[in-house]
2 protein chains.
Amino acid sequence: MPEVKLDNLDRRILAALQRDGRLSNVQLSEEVGLSPSPCLRRVRLLEQSGIIRGYHAELDRGGVGLGLTVFVGIKVGQHDDEVDSAFRDAVADLPEVVSCYLLSGESDFLLQVVVPDLPAYERFLRGTLLKLPGITDIRSNFAISTVKRETGLSLAHLPGAAG
Amino acid sequence: MPEVKLDNLDRRILAALQRDGRLSNVQLSEEVGLSPSPCLRRVRLLEQSGIIRGYHAELDRGGVGLGLTVFVGIKVGQHDDEVDSAFRDAVADLPEVVSCYLLSGESDFLLQVVVPDLPAYERFLRGTLLKLPGITDIRSNFAISTVKRETGLSLAHLPGAAG
DNA sequence: TCATCATTGGCATTATATGCCAACACATAA
DNA sequence: TTATGTGTTGGCATATAATGCCAATGATGA
């Protein structure tokens, strides 16, 4: 990614588009205090530089029938490349897996899994997760409630942000 | 939320808008095989019903200087309402905390924390997290690499989805 | 077959995006 | 202080898109 340094105008644009990704350029320009044309130019630069990776609709999980979130810690036996990449490839193809990180510490991988309900999770666990290659331990942690879920990143508290 | 039943057209609209939240209505209508006006009407209904919660720009974390993701398991002493809600309120105000779930099992709360780097996390841990009320244990798991991060939910595999 | 209801497609109007060019602001050097 | 160069801005004209309205179409049930 090309190095880009963001000024306050850029940060305000990013904050606004994280909050509402469908703001019209006219609205956005008013919000950040520019006229439409330079505002649009900055947005295009942020897009081309890769700072803005895309725009996405956020759905209500319950509303589309995906009410249960489970965090799954998974240990794999040994980290030989073959088993490891087989596991990664498998995970990438599972629609129920929303995110997967390789972690230091406790478990090897942390998966966020989204399914309709508990029976669906049991099916997914038995029918899919437990059959993945190289796994030695699986620990399921059910989300009882969502205390906080941000769709965006806070830029205001970063070093370099003035005001 | 009003009960809404989604047909295949709705699901295709949702899939398209999750992938690209700034699709023009004309493009969207072509993609799902409708003319612009009924397509727009369906989108508005999905928005009003709450199925679509919003639209957001996705930023590159590294690009905005937030390269380190940490999953933090936190145990609180006892779940009396006062300590509990004090903790929740505190967490909600922390810009570094991207998400926080109340979990069954291992830890009480799971936080996803995003910071620039390891020194910044140390400052955040010492200066903020460890000072939160009622905490008895904190376990930090650093994301070494991101195996998968989806911005949207897969609807194709849900019961009721045809084709 | 016919009636009813919901959904669709096309059109006209209003609003928005986007490319172009001249003017402005800031930094550097004389 | 003045001159010069570089980058950014604002406004205008044109192309594109959004949106409301109405007649037409298709599905459902009697």
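Throughout, protein chains are lettered first and strands after them, A, B, ... in sequence-line order, and every chain is numbered starting at 1. All values reported here derive from a predicted model rather than from experimental measurement.
With sequence neighbours excluded, the residues that form a side-chain contact (heavy atoms from CB on, under 4.5 Å) with A:P38 are A:L34, A:S35, A:R41. Under the side-chain contact (heavy atoms from CB on, under 4.5 Å) criterion, B:A15 pairs with no residue at all, not counting sequence neighbours.
Put simply, CG on B:L17 is 11 Å from P on D:dA18, counting in whole angstrom units. In this structure, the CZ atom of B:R42 is 17 Å from the P atom of D:dT19, given to the nearest Å. Here the C1' atom of nucleotide D:dG10 and the CG atom of A:L28 are 16 Å apart, to the nearest Å. Atom CG of A:D7 and atom C1' of D:dT8 are 11 Å apart (whole Å). Atom CG of B:L9 and atom P of D:dG26 are 16 Å apart (whole Å).
Minimum heavy-atom separation, A:D10 to A:K5: OD2-O, 4.1 Å.
Looking only at atom types and distance, the side chain of B:E47 has a donor-acceptor partner in the side chain of B:Y55 under 3.5 Å away.
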- Heavy atoms under 4.0 Å is the rule here; annotate nucleotides 9-19 of chain C 5' to 3' with B where the base is hit, S where only the sugar-phosphate is, and - elsewhere. BB-----SSSB
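A side-chain donor-acceptor contact under 3.5 Å links A:R12 to the backbone of A:E31.
Checking each of A:I135, A:I74, A:V70 against A:L129 for a side chain to side chain contact (heavy atoms under 4.5 Å, CB included) leaves exactly one that passes, namely A:I74.
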